[in-house]
Amino acid sequence: MFEKAKRLIPGGVNSPVRAYGAVGANPPFIARGDGPWVWDVDGNRYLDLVCSWGPLILGHRPATVIKALRDQLERGWSFGAPTEAEVRLAAAVSERMPAIQMLRLVNSGTEATMSAVRLARGVTGRRKLIKFAGGYHGHADALLVEAGSGVATLGIPGTPGITPGAAQDTIVVPYNALADVEAVVNRWPAQVAAIIVEPVAGNMGVVPPSPGFLEGLRRLTQNDGSLLIFDEVITGFRVARGGAQELYGVAPDLTCLGKVLGGGLPVGAYGGRRELMEHVAPAGPVYQAGTLSGNPLAVAAGLATLEALDDTAYRQLDTAGDRVASTLRSAAAAADVPLTVNRVASMLTAFFTADAVRDYSAAKHADVGLFASWFRRLLAKGVLLPPSQFEAAFVSTAHDEEALAFLESCLSDSLIGLRPAAVLG
């Protein structure tokens, strides 16, 4: 199937990291999923720690989401017109994230971040944008500068097709380096439209914010008259009921959402204070539109997912995440393998380095050859990880005792005698 796909689809995949080039393997073609498990077309079963790259916080095929989708299918799946469910989803988001007084639904995280940056520039009348090395905010031209995720995995420094003009106003600084941000703001006073940041980095691998980092960004933007944009496409409703902004107690001006918001269906959103969002057309002059924005199926799945995420669910997710991280640390110590495990709630990354990972530079010192060997060992045991050192693994509420016990047994000896493997591509 992969050979056939490569004749019809660039690289054989519809998103680059899925090609498994960084881990020297061919990707399994997934046929179905249920709970924490997926099966490929050859009938092999895997414990899924990809969870569709984060959205499947309830696991595969949760009954509540299936019912919501079936009910919506009976009523129709695309109207190109307003629906009551869109209003309900917007209200649910606003209740969980009070900093979002109004929001606009879009179709992807890339659309959300692209639109939020455009809005910030439109509102402030400024051009410059600060982002962080290793931060991936989708593939919009102005944001694909020193990006993480697939760009980091494939070792691409930038990409052809982006003109110098598109990126000339994007200023890149190291993550967790507040002094560097302050220096940039002081160098270009009243010229920065916004700072966009993953409040927990997830696309250089999981890297939490250092104490005071997010608070410092909030202070700098308020003093400068610029806007603070939280890219919570990964962290929104994942690390806490109200996302990273609740977990760390910092309220941004604008928030970008996706993934969990749609319960596994294509969705995105950006939102913030009313006076900012009222600049968006048709209420204001900043234009953005989308034929399938607010798609009824995605909205139905999102509502059902959010309704299922109560305090009990978040405690379960945190406990499972801690259990996986603890098992990894114990296994690495027993095998004398240099491993740093970064975890925030139910998302984590195992970096093959003995050093702390607090920014993209440190993440790039991880041994990708060791990661590739480890990945292939776990794949052979029936554990599916994201196929890159620079991505986050996820657990879901479906990762029950059976699944976690199976994972622990696989992890316990997965690092013993580990040696780097040849990496393809």
Side-chain angles (χ1 to χ4, degrees), residues 1 13-15 18 27-78 85 88-89 92 107-109 233-234 236-238 241 257-268 292 295-310 312-321 323-324 345-347 378-379 382-387 391-407 410:
M1 289 193 72
V13 292
N14 283 305
S15 192
R18 300 178 193 176
F29 277 60
I30 303 302
R32 64 186 180 95
D34 189 60
W37 309 95
V38 292
W39 288 259
D40 67 20
V41 292
D42 298 314
N44 301 303
R45 187 184 78 160
Y46 306 91
L47 182 63
D48 185 13
L49 296 180
V50 180
C51 293
S52 191
W53 302 89
L56 298 180
I57 196 167
L58 304 179
H60 295 272
R61 300 180 64 251
T64 55
V65 176
I66 288 177
K67 182 180 185 306
L69 289 172
R70 284 176 174 163
D71 289 348
Q72 185 58 56
L73 279 170
E74 293 298 323
R75 297 189 293 267
W77 52 87
S78 187
R88 290 173 52 213
L89 183 58
N107 294 291
S108 68
V233 169
I234 293 177
F237 317 115
R238 162 62 69 175
R241 187 175 183 274
L257 298 169
K259 296 190 184 287
V260 172
L261 179 66
L265 275 73
V267 77
L292 295 176
N295 175 264
L297 288 176
V299 169
L303 278 168
T305 299
L306 293 185
E307 288 169 0
L309 290 171
D310 56 15
T312 299
Y314 284 108
R315 285 193 295 270
Q316 178 185 350
L317 288 163
D318 188 63
T319 298
R323 183 169 167 180
V324 175
S346 58
M347 54 186 289
L378 287 176
L379 188 68
V383 176
L384 198 64
L385 287 172
E391 297 285 357
F394 302 93
V395 293
S396 72
T397 59
H399 284 77
D400 55 14
E401 179 58 35
E402 177 195 355
L404 292 173
F406 171 80
L407 179 60
C410 294

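Every heavy atom of this structure was used, including side-chain atoms; hydrogens, water molecules and symmetry mates were not. Treat the numbers as computed from the prediction; the structure is a model and nothing was measured.
Side-chain atoms of F394 and I57, non-hydrogen and from C-beta on, never get closer than 4.5 Å to each other. Looking only at side-chain heavy atoms (C-beta outward), P36 and L407 stay at 4.5 Å or farther from each other. Looking at heavy atoms from C-beta onward, L309 lies in side-chain contact with V260 at the 4.5 angstrom threshold. V395 places a side-chain heavy atom less than 4.5 Å from the side chain of L49. Side-chain contact between P27 and R18 is absent, with no heavy atoms from C-beta onward closer than 4.5 Å. Counting heavy atoms from C-beta on, the side chains of L303 and R88 come closer than 4.5 Å. Counting heavy atoms from C-beta on, the side chains of L257 and V233 never come closer than 4.5 Å.
Atom CD of Q316 is separated from atom CG of D400 by 8.5 Å, given to the nearest 0.5 angstrom. Taking OG of S78 as the start and CD of Q72 as the end, the distance is 10.0 Å to the nearest 0.5 Å. In this structure, L292 CG and S108 OG are separated by 11.5 Å, a value rounded to the nearest 0.5 Å. Separation of atoms CZ (R32) and CG (D40) is listed at 10.5 Å; rounding is to 0.5 Å. A distance of 9.0 Å separates CH2 in W39 from NE2 in H60, rounded to the nearest 0.5 Å. Atom CZ of R75 and atom CG of L297 lie 9.5 Å apart (nearest 0.5 Å).
Checked options L47, V50, L378; the residue passing with L385 is L378 (criterion: side-chain contact (heavy atoms from CB on, under 4.5 Å)).
D42 contributes no side-chain N or O that, together with a main-chain N or O of N44, makes up a donor-acceptor pair within less than 3.5 Å. Side-chain atoms of H399 come within 3.5 Å of backbone N or O of D48 as a donor-acceptor pair. At least one donor-acceptor pair under 3.5 Å links the side chain of N295 to the backbone N or O of W77. Put simply, the side chain of K259 gets close to the backbone of W53: a donor and an acceptor are under 3.5 Å apart.
Residues A398 and G59 share a closest heavy-atom pair of CB-CA, 3.8 Å. The two residues P386 and A392 have their closest heavy-atom pair at CG-O, 3.1 Å. The two residues P266 and A298 come nearest to each other via the heavy atoms O-CB, 3.5 Å. Closest of all the heavy-atom pairs between L58 and T305 is CD1-CA, 3.9 Å. Here the closest non-hydrogen pair linking G264 and L56 is CA-CD2, 3.9 Å. Taking every heavy atom of both residues into account, A301 and G262 meet most closely at CB-O, 3.3 Å.
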Q) Hey, mind stepping through N107 and V267 against side chain to side chain contact (heavy atoms under 4.5 Å, CB included) and telling me if it holds? A) CA-CA 4 Å; N107 294 291; V267 77; over 6 Å; no
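A salt bridge links K67 to D71: one of the charged nitrogens lies within less than 4.0 Å of a carboxylate oxygen.
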